[in-house]
Amino acid sequence: MKHFSVTFKGEDKKISIHAGATVLEAAGQAGIILNSICGGKGLCKKCMVYIEPSEKQVLACQYHIQSNIVVTVPAQSRFYEQKILEHGIDIKTEIHPAVCKRYLRNDCAEPDKLIMTLSKKFPQEKFRLSTRAKKQLQQLSKNTKFCDGLTAVCYLDSTSQRQKQPSYQYTVELFEEGNTTSRMFGLAADIGTTTVVIKLIDLNTGKCTATQSAINPQSRFGDDVISRITYARTDEKLTKLHNVIIDCFNELTGKLCKQYGINAGSIYEATAVGNTTMNHIFLNFPITQLGQAPYKAFSIDAHDKLASEMALKVSVAGKVHSVANIAGFVGSDTVAVALAVDIDSADEMTLIVDIGTNGEIVLGTKDKLYAASCAAGPALEGARISCGSRAAEGAIEAVVVNESDIDLDVIGNCPARSICGSGLIDAVAALLNLGILDQSGRFVEPEKLQDKLPTKILSRIVQQNGQPAFVLAENQDLSGQRVLLAQKDIREVQLAKGAIRTGITLLQKKFGLEDKDIKKILLAGAFGNYIRPESALRIGLLPDVPAERIHFVGNAASSGAQMVLLSRDVRILATRLARKIKYIEIAHEPTFQDVFADSMMF
């Protein structure tokens with residue numbers, strides 16, 4: 001099968017994809033989330049894009065790729081850019097972060113007179129000076145005549161952040177010479193068990209100016225939350241985990257500053273979300289109790305800390321806001337996802353599945369919401385798989401069955417060297433459809449398939465260390481090893497998908513729901529938008545619903561963190577939502593073992 005290149009103009013993204021794929025699929029592979037309310041049926045007309053150079057308008061979900069193309073995606077067709085605008089300047093709230101700058105053309109260094117000037121110029125706001133600001137003002141008065149005026153860096157007091165008021169109390173924490181109001185940035189961080197993503201946000205416009213990500217360096221101490229909880233059994237080891245994530249945060253911050261060309265001193269606030277364990281490690285809270293029944297968090301509250309106390313390399317006046325957690329194993333990242341998709345306004349029964357090492361699920365409507373955590377492990381992110389990897393160059397990201405064989409989409413359009421999560425789900429679905437795997441996940445004996453499969457596909461069934469395996473690709477690098485799926489890899493997929501499906505089923509039971517009663521499924525997480533709905537349904541990862549009910553929302557946790565950073569009203573909503581969502585400890589449910597056994601089956 002032929003492959004074609006798709007270049008997304010203005011995105012610095014180019015991918016290779018098989019002939020016949022849609023632009024919507026290509027955008028997903030490129031990590032670009034498009035509006036597709038109708039589930040790719042071509043009915044909602046929300047995914048319109050331009051094919052260059054003719055600027056022909058097409059629907060991304062209906063345009064099938066038959067040549068190399070260049071695509072421009074307009075702002076109105078993007079899912080999260082539109083969502084952030086709605087939460088920024090439209091119906092629900094306005095862009096109004098907890099930090100602001102106020103410029104004064106004032107040559108007076110007397111604190112009382114300066115406060116008077118601020119209050120007169122901004123009558124809806126009240127101001128006071130911090131001790132640091134007073135000392136700085138005295139120092140500045142000795143060295144300058146304020147020819148270019150002063151900019152006051154002001155932070156909302158905690159009481160003003162917790163409730164809506166007609167006027168707000170600010171504390172001036174810092175003065176800057178001249179007019180620096182145009183330079184005001186913040187960080188929105190999603191600290192995942194496997195991946196850390198940080199966005200640099202312009203607090204004046206609400207726009208994301210740069211993004212950086214990295215593998216969570218804590219992974220070397222364990223690839224899931226349980227192993228890290230076990231590792232951090234002493235204060236010394238907990239401190240080590242904390243220092244490692246702080247170093248990672250600072251490294252990514254430095255890269256963001258270099259990427260956008262700003263000084264770290266122009267970053268005044270950061271918001272951070274993550275599962276409860278990652279949240280606690282970031283804040284240097286104890287986590288041993290999270291690994292012992294009844295799995296209580298040290299704190300589920302939102303916290304505000306000085307960046308300097310956490311050794312974060314931002315402005316000297318910088319502050320950090322961590323979003324509220326829900327429970328011991330459902331954290332602020334789930335709250336952020338719920339915010340981003342606005343589940344608090346959902347009229348229809350909606351299921352959110354945040355696929356990751358520590359999978360989280362939210363089910364319900366605006367009237368009632370349940371949440372659960374599933375120890376899926378890192379298999380669906382490429383770990384614990386013989387030839388598994390992260391979504392890097394050379395990783396198989398899609399598997400398609402053609403008339404006589406299989407065809408692969410490989411990241412970087414190069415020889416396959418590994419397989420990542422989306423390719424893994426595709427591959428298992430393909431093996432099930434071909435009859436190579438049975439319902440229990442076992443490989444069927446090749447002799448039983450002789451007259452049922454094409455010769456090329458049959459030749460891919462081999463023995464590996466005395467166990468059956470399926471060869472996906474001959475590795476062309478110097479190692480000479482093949483990329484294959486062995487029986488143990490299938491078992492890892494079954495454990496991961498079984499854990500997630502068990503959580504979903506048990507939450508359905510709380511509502512008395514059948515699969516058909518779920519009207520919308522939102523897939524979030526590191527690679528949620530790369531999964532083909534048909535493949536996820538085929539392996540039983542998700543409830544049995546029509547594929548068009550499944551929507552991809554990308555890294556919704558990161559988008560939720562951005563919303564919290566941009567709006568004090570959303571910050572209030574986040575805490576309220578965290579308390580509204582009821583956590584269910586699925587392992588304590590009477591039918592857990594039976595449901596898990598059933599969910600392991602294909």
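Just the heavy atoms: all of them, side chains too, but no hydrogens, waters or symmetry mates, feed the values below. For clarity, every value in this text was computed on a predicted model and none was experimentally measured. The residues of the chain are indexed from 1 along the displayed sequence.
Between Ile201 and Ala188, the shortest heavy-atom distance links the atoms CG1-CB, 4.4 Å. Here the shortest heavy-atom pairing between Ala324 and Val335 reads O-CG2, 3.5 Å. Smallest separation of non-hydrogen atoms from Leu565 and Pro97: O-CB, 3.4 Å. Of all the heavy atoms in Asn325 and Asn279, the pair that sits closest is ND2-OD1, 3.2 Å. The heavy-atom pair separating Val244 from Arg220 by the smallest distance is CG2-NH2, 3.6 Å. Nearest heavy-atom pair across Leu203 and Gly186 is CG-N, 3.7 Å.
Atom NZ of Lys240 sits about 10.0 Å away from atom OG1 of Thr234, to the nearest 0.5 Å. To the nearest 0.5 Å, atom SG of residue Cys208 and atom NZ of residue Lys199 are 5.0 Å apart. Taking CD of Gln259 as the reference point, atom CG of Leu252 lies at 10.5 Å (rounded to 0.5 Å). Atom OG1 of Thr334 is separated from atom CG of Asn275 by 8.0 Å, given to the nearest 0.5 angstrom. Taken from CD1 in Ile246 to CG in Leu241, the straight-line distance is 11.5 Å, to the nearest 0.5 Å. We find the CD-SG distance between Gln212 and Cys257 to be 10.5 Å, quoted to the nearest 0.5 Å.
Under a 3.5 Å cut-off, the side chain of Ser266 and the backbone N or O of Met184 do not form any donor-acceptor pair. Side-chain atoms of Ser219 come within 3.5 Å of backbone N or O of Asn216 as a donor-acceptor pair. Here the side chain of Asp190 pairs no donor or acceptor atom with the backbone of Ala557 at under 3.5 angstrom. At least one donor-acceptor pair closer than 3.5 Å links the side chain of His242 to the backbone N or O of Ile281. Using modelled atom types, one side-chain atom of Ser299 and one backbone atom of Asp301 make a donor-acceptor pair closer than 3.5 Å. In this structure a side-chain-to-backbone donor-acceptor pair under 3.5 Å is missing from Thr350 to Thr365. A side-chain donor-acceptor contact under 3.5 Å links Thr209 to the backbone of Leu200. Although no hydrogens or angles enter the test, the distance criterion places no donor-acceptor pair under 3.5 Å between the side chain of Thr171 and the main chain of Tyr155. At distances below 3.5 Å, not a single donor-acceptor pair connects side-chain atoms of Ser77 with backbone N or O atoms of Val73. Asn204 places a side-chain N or O within 3.5 Å of a backbone atom of Thr181 that can act as its donor or acceptor partner.
With hydrogens and angles left out, the side-chain atoms of Ser345 and Asp342 include a donor and acceptor closer than 3.5 Å. For the residue pair Thr72 / Glu52, a side-chain donor-acceptor distance below 3.5 Å is found, with atom types taken as modelled. If you check the side chains of Ser130 and Glu173, you find a donor sitting under 3.5 Å from an acceptor.
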### Task
Mind running side chain to side chain contact (heavy atoms under 4.5 Å, CB included) on Asp333 and Glu360 for me, showing each step along the way?
CA-CA 9 Å; Asp333 53 349; Glu360 289 97 5; 3.7 Å; yes
### Query
Can you check ring-ring contact (aromatic ring centres under 6.0 Å, His included) on Phe282 and Phe249, steps first, answer last?
CA-CA 10 Å; Phe282 180 66; Phe249 195 105; 5.7 Å; yes
### Task
Would you check, one step at a time, whether the test salt bridge (charged side-chain N to carboxylate O under 4.0 Å, His left out) holds for Lys319 with Asp304?
CA-CA 7 Å; Lys319 295 188 178 182; Asp304 292 283; over 6 Å; no
### Query
Should Ile352 and Val341 be marked as a side chain to side chain contact (heavy atoms under 4.5 Å, CB included) after you check the CA-CA gap, both sets of side-chain angles, and the distance that decides it?
CA-CA 9 Å; Ile352 302 172; Val341 303; 3.5 Å; yes
### Query
Given the rule in the side chain to side chain contact (heavy atoms under 4.5 Å, CB included) test, do Met310 and Val320 qualify, once you have shown the distances and angles that lead to the verdict?
CA-CA 9 Å; Met310 298 182 65; Val320 181; 4.2 Å; yes
#### Entry: CA sep, side-chain torsions, deciding dist, call: Val553, Leu523, side chain to side chain contact (heavy atoms under 4.5 Å, CB included)
CA-CA 6 Å; Val553 295; Leu523 284 187; 5.9 Å; no
### Query
Checking ring-ring contact (aromatic ring centres under 6.0 Å, His included) for the pair Phe185/Tyr260: CA distance, chi angles, key distance, verdict?
CA-CA 11 Å; Phe185 295 87; Tyr260 196 62; 5.8 Å; yes
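Because its NZ or CZ atom is not both nearer than 6.0 Å to the ring centre of Phe175 and within 45° of the ring axis, Arg132 does not count as a cation-pi partner of that residue. Both tests do not hold together for Lys13 against Phe8: distance to the six-membered ring centre under 6.0 Å, angle to the ring axis within 45°.
Side-chain atoms of Thr193 and Met278, non-hydrogen and from C-beta on, do get closer than 4.5 Å to each other. Proximity of His551 to Ile521: side-chain heavy atoms (C-beta onward) are nowhere separated by under 4.5 Å. By the 4.5 Å heavy-atom criterion applied to side chains, Leu256 and Leu187 are counted as neighbours. At least one side-chain heavy atom of Val23 sits less than 4.5 Å from a side-chain heavy atom of Ile69. Side chains of Leu118 and Glu125 form no contact here, defined as non-hydrogen atoms less than 4.5 Å apart. A heavy-atom distance below 4.5 Å is found between the side chains of Val99 and Val153. Looking at heavy atoms from C-beta onward, Leu174 lies in side-chain contact with Ser315 at the 4.5 angstrom threshold. Residues Arg128 and Val172 form no side-chain contact, since every pair of their non-hydrogen atoms from C-beta on lies 4.5 Å or further apart.
Here Asp344 does not pair with Arg576 in a salt bridge; the nearest charged N to carboxylate O distance is not below 4.0 Å. A salt bridge links Glu269 with Arg571: at least one charged nitrogen is closer than 4.0 Å to a carboxylate oxygen. Between Lys101 and Glu176, at least one side-chain nitrogen of the basic residue sits less than 4.0 Å from a carboxylate oxygen of the acidic one, meeting the salt-bridge criterion.
A perpendicular orientation is assigned to the rings of Phe285 and His280, their planes being inclined by more than 60° (bins at 30° and 60°). Below 30°, between 30° and 60°, or above 60°: for Tyr170 and Phe127 the angle between ring planes is below 30°, a parallel geometry.
Counting non-hydrogen atoms of neighbouring residues, nucleotides and ligands closer than 6.0 angstrom, the NZ atom of Lys368 reaches no more than 12 such neighbours.
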